[in-house]
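For reference, the structure discussed in these notes is given below.
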Amino acid sequence: MSKLIRLLAVDLGASSGRVMLGTYDGNSIVAEELHRFANTPVQEGGHLYWNVAALLQEIKHGLKLAIQAYGEIASLSVDTWGVDYGYIDHAGQLLNAPHHYRDQRMDAHRTRLEELLPPEEQFRLTGNQPDSINTVYQLFADFQENSRLQESVNKMLMMPDLFLYLLSGAASAERTILSTSGLLDARSGRLSTEVFCRLGIPAGLIPDQVPAGTVIGSLRPELSSELGCGPINVIAGASHDTASAVASIPYADKDSAAFISSGTWSLVGMETKAPVLDRQCLDYGFTNESCYGGGNRLLKNITGLWLLQETRRVWAEAGEALSYGELIELAGNEGPASSWINPDDPLFRTPGDMPERIAEYCRKTGQRVPKTKGAIVRVIVESLAKSYASALKGLEQITGRPIRIVHMVGGGIQNRLLCQLTADATGKKVIAGPVEASALGNLLVQLAALGELDFSRAAGVVAASEALSMYRPNK
């Protein structure tokens with residue numbers, strides 16, 4: 001039997017985080033959730049922030065649990081959502097709490113930014129779909145509101161890079177997460193001089209780029225002492241959670257496959273050799289981001305299970321707490337929806353009373369307003385499936401590649417109704433799994449970085465590690 005290798009994947013989503021232990025025996029990975037915690041943004045002074053200090057404490061608690069239970073840990077890595085970042089000052093400290101991408105401060109500066117750098121040019125230069133949540137918009141807003149900010153800031157670190165820095169002391173810019181920022185030249189992969197010059201953002205804030213799967217250092221000595229452990233390798237993996245999720249997909253034929261990473265956001269896309277930068281791609285709402293090992297993720301961000309999460313939260317606060325399983329059962333019993341919504345309508349973008357907003361959307365569009373909880377959830381789930389189908393059709397038109405199989409990954413695939421409705425709406429076979437896609441991809445990239453896995457074997461390791469489910473469209 002091969003020696004067991006134990007690694008930690010810190011997987012931070014927009015609503016919750018987990019510290020996952022991966023145990024690799026040379027053939028498969030057993031992933032165990034050691035610690036799950038809420039990721040709750042903080043409202044202060046009319047702005048929305050991430051609570052980095054609280055998240056770091058939760059991560060340290062997960063590390064401590066792993067060390068107490070298993071002793072030696074070979075490495076750790078962190079993956080998170082895209083676009084957000086924190087500033088490190090000249091003393092090496094976090095300057096202030098990082099803004100949440102749903103913060104509204106960019107609205108006051110969007111028009112000016114797009115005068116300096118029109119959306120069409122942003123896409124041509126960077127391959128990223130222009131959006132006010134993008135890092136480039138957020139940075140522009142920061143520097144417009146504080147002209148002396150550069151005097152205080154040493155480095156800007158994307159969220160996973162920030163946590164890796166807090167854990168190791170090493171500052172770097174990992175490629176897959178930086179590719180979500182709107183700051184990179186799509187063709188060269190380097191910082192876009194034109195973007196920085198036109199917007200007056202200092203490029204020196206960005207640390208040196210490293211490819212996904214780079215050992216950047218080890219746990220800070222004071223942290224090792226606090227946790228009672230020896231050195232632990234700290235790895236900049238595929239730090240964007242979608243990049244990690246895509247790294248875990250067990251493709252049989254990548255050229256005829258697309259993917260849907262289903263969570264708070266839904267990411268619908270396919271892997272291409274190079275960025276796709278034509279006008280049709282821009283008009284269809286697709287963006288280009290980097291993959292582990294090179295290549296490109298051509299994908300569309302669709303508001304995902306955020307709609308269901310907010311709906312459930314509102315009902316729970318009203319004293320009617322239901323599990324996701326119970327909500328999906330109600331929706332399944334409801335039968336086909338008589339209304340639909342556009343999940344990406346601005347009405348649904350910020351926190352609030354989602355059931356009432358769904359009712360408002362239906363009234364505005366002349367549709368029947370869903371009355372029961374089951375009917376509301378059914379509208380959400382069917383609308384997501386319809387959005388997936390539309391995005392996949394767009395991918396086929398843009399690339400000229402027919403899609404025969406759709407790989408659905410992530411926590412959303414536990415919603416079996418969504419998987420089946422996706423198969424029905426697309427008319428394509430859906431393979432669902434792995435559920436723990438981001439964490440599993442995180443662990444696979446770590447193993448490759450440590451020289452313990454030839455990544456050409458990754459699909460076989462995934463297949464040996466987690467059961468997959470298949471859904472065929474109902475005729």
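These values consider heavy atoms only, across backbone and side chains, with no hydrogens, waters or symmetry-generated copies.
- Salt bridge annotation for R187-D185: absent, with no cationic side-chain nitrogen under 4.0 angstrom from a carboxylate oxygen.
- Between R279 and D283 there is a salt bridge, since at least one side-chain N of the basic residue sits less than 4.0 Å from a carboxylate O of the acidic one.
- Using a 4.0 Å cut-off between charged side-chain N and carboxylate O, E120 and R124 make no salt bridge.
- Ring geometry for Y101 versus W265: interplanar angle of 30 to 60°, hence tilted.
- Remark: aromatic rings of H100 and Y49 are distant, center separation not under 6.0 Å.
- Aromatic rings of Y85 and Y87 (six-membered ring for Trp) have centroids within the 6.0 Å cut-off, being under it.
- Between H109 and F140, the two ring planes are perpendicular [angle over 60°; tilted spans 30° to 60°].
- A salt bridge between E396 and K393 is absent, with no side-chain N of the basic residue lying under 4.0 Å from a carboxylate O of the acidic one.
- Aromatic rings from F348 and Y361 are positioned such that their centres are separated by under 6.0 Å.
- For the pair D89 and K155, the salt-bridge criterion is not met [side-chain N within less than 4.0 Å of a carboxylate O].
- Salt-bridge check for R363 with E360: failed, with every basic side-chain N at 4.0 Å or more from each acidic carboxylate O.
- Under a 4.0 Å N-O distance rule, the pair R18/D11 qualifies as a salt bridge.
- In this structure, D345 does not pair ionically with R357, as no charged nitrogen and carboxylate oxygen lie closer than 4.0 Å.
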